[in-house]
Amino acid sequence: MRRAVLVAALLLGACGGATSSHTAAAALNNTYLSPALSQWLIGAVAHLATPEEIRGYLALREDAAATAFIESFWAARDPDPSREGNPLRQLFELREREADRRFSEAGYLGRRTDRGKIFVLYGEPKKIDFEINPHQGAPPVERWEYAADKTIGLDHHRPVPVYRFVKHDDLTVLYALPASQRGVLIEPPG
């Protein structure tokens, strides 16, 4: 249950705007490690980690220990340790690279953006389109739809059927519809 609360807080932290997303990311930054390792938990990997693993990684003080931790983390998730390679890790890292290519913005690697996290966990959405933002003059809302009955994410959960994103300053973040609009499909005019 605590893991579900942590994951929900990390995933939905951006609903209120870019500031909450930055705050959640800062909490996962281990400033004792080199830049290459300090932000390892920021992004979809935090959704795979247990609260104990998150606390353990944040307590590390040396790069060698962090590198060993990461190897152990992925070894524990290897679906078939008797075979060479780790298909879960390989798919995860492939999706991270694709997220970096497609969703990097405002100085953030795509894997660390809200769209990138969802992409890494659940892959390509079944459909991407745009909705009119209910706030006059605000940018359109990007809508990702997943076939929730068929998709199981790398976190072993089904995705929410629809994710919405909106541009907030220079960063695209998760968007929560105003309470008055929840459950209402916003159709473009015409």
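As the structure is a prediction and not an experimental result, all values here were calculated from the model. We use all heavy atoms of the structure for the numbers below, so side chains are in, but hydrogens, waters and symmetry mates are not.
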task = Using modelled atom types only, decide if a donor and an acceptor are shared between the side chain of Asn133 and the backbone of His135 within a distance under 3.5 Å.
result = yes
request  = Identify the two heavy atoms, one from Leu41 and one from Ala49, that lie closest to each other, and give their separation to 0.1 Å.
outcome  = CD2-CB, 4.5 Å
query = Got Glu142 and Val166 here, is their nearest side-chain heavy-atom distance under 4.5 Å?
reply = no
request  = Hey, could you give me the CG/CZ distance between Leu174 and Arg115, rounded to the nearest 0.5 Å?
outcome  = 10.5 Å
request  = Flag the pair Asn30 / Trp40 as yes when at least one side-chain heavy-atom distance between them is below 4.5 Å, and no otherwise.
outcome  = no
query = For Arg102, what residues pass the salt bridge (Lys or Arg N to Asp or Glu O under 4.0 Å) criterion, not counting sequence neighbours?
reply = Glu98, Glu124
ask   = Where do Ala106 and Asp170 come nearest, in terms of heavy atoms and distance?
value = CB-O, 3.4 Å
ask   = Does the side chain of Glu53 come within less than 4.5 Å of Arg55's, by heavy atoms?
value = no
inquiry  = I need the Asp78 CG to Glu84 CD distance, nearest 0.5 Å.
reply    = 11.0 Å
key: In one Ile/Leu/Val/Met/Phe/Trp/Tyr side-chain cluster, 4.5 Å: Val45, Leu58   = yes
query = Do Leu48 and His156 come within less than 4.5 Å of each other through their side chains, counting heavy atoms only?
reply = no
remark   = Applying side chain to side chain contact (heavy atoms under 4.5 Å, CB included) to Asn29 and not counting sequence neighbours gives Thr31, Ser38, Gln39, Ile42
ask   = Ring centroid separation for Tyr122 and Trp144, is it under 6.0 angstrom?
value = no
query = Asp114 side chain to Val173 main-chain N or O, any donor-acceptor pair under 3.5 Å?
reply = no
key: OG1 on Thr113 to CZ on Phe103, rounded to 0.5 Å   = 7.0 Å
request  = Group every Ile, Leu, Val, Met, Phe, Trp and Tyr by side-chain heavy-atom contacts under 4.5 Å, then state whether Val162 and Ile128 land in the same group.
outcome  = no
query = Which residues pass the side chain to side chain contact (heavy atoms under 4.5 Å, CB included) test with Asp80, sequence neighbours left out?
reply = Ser82, Arg83
ask   = What do you reckon, is CZ of Phe73 surrounded by more than 12 foreign heavy atoms closer than 6.0 Å?
value = yes
request  = Mind checking ring pair (Phe, Tyr, Trp, His ring centres under 6.0 Å) for Phe69 and listing every partner two or more places apart, or none if nothing turns up?
outcome  = Tyr57
request  = Kindly compute the distance separating OG1 (Thr172) from NZ (Lys167), expressed to the nearest 0.5 Å.
outcome  = 4.0 Å
ask   = Can you name the residues that form a side chain to side chain contact (heavy atoms under 4.5 Å, CB included) with Ala68, not counting sequence neighbours?
value = none
inquiry  = Using 0.5 Å steps for rounding, measure from the CZ atom of Arg97 to the CG atom of Leu94.
reply    = 5.5 Å
task = For Pro79 and Asn86, work out which heavy atoms get closest and say how close.
result = CD-OD1, 3.6 Å
inquiry  = Between Glu105 and Arg111, is the salt bridge (Lys or Arg N to Asp or Glu O under 4.0 Å) condition met? List the steps.
reply    = CA-CA 10 Å; Glu105 60 183 348; Arg111 69 184 71 184; over 6 Å; no
key: Check: Tyr163 and Tyr175 side chains under 4.5 Å, non-hydrogen atoms   = no
key: pair Tyr146-Pro125: side-chain heavy atoms closer than 4.5 Å   = yes
message = side chain to side chain contact (heavy atoms under 4.5 Å, CB included) for Val141 and Ile132? Distances and angles first, verdict last.
response = CA-CA 6 Å; Val141 176; Ile132 296 172; over 6 Å; no
inquiry  = Show me the pairs that pass salt bridge (Lys or Arg N to Asp or Glu O under 4.0 Å) and involve residues 57-71, at least two apart or across chains.
reply    = Glu71-Arg89
query = Out of curiosity, Trp74 CH2 to Glu93 CD, how far, rounded to the nearest 0.5 Å?
reply = 6.5 Å
task = Examine distances only and state if a side-chain atom of Ser104 and a backbone atom of Leu109 form a donor-acceptor pair shorter than 3.5 Å.
result = no
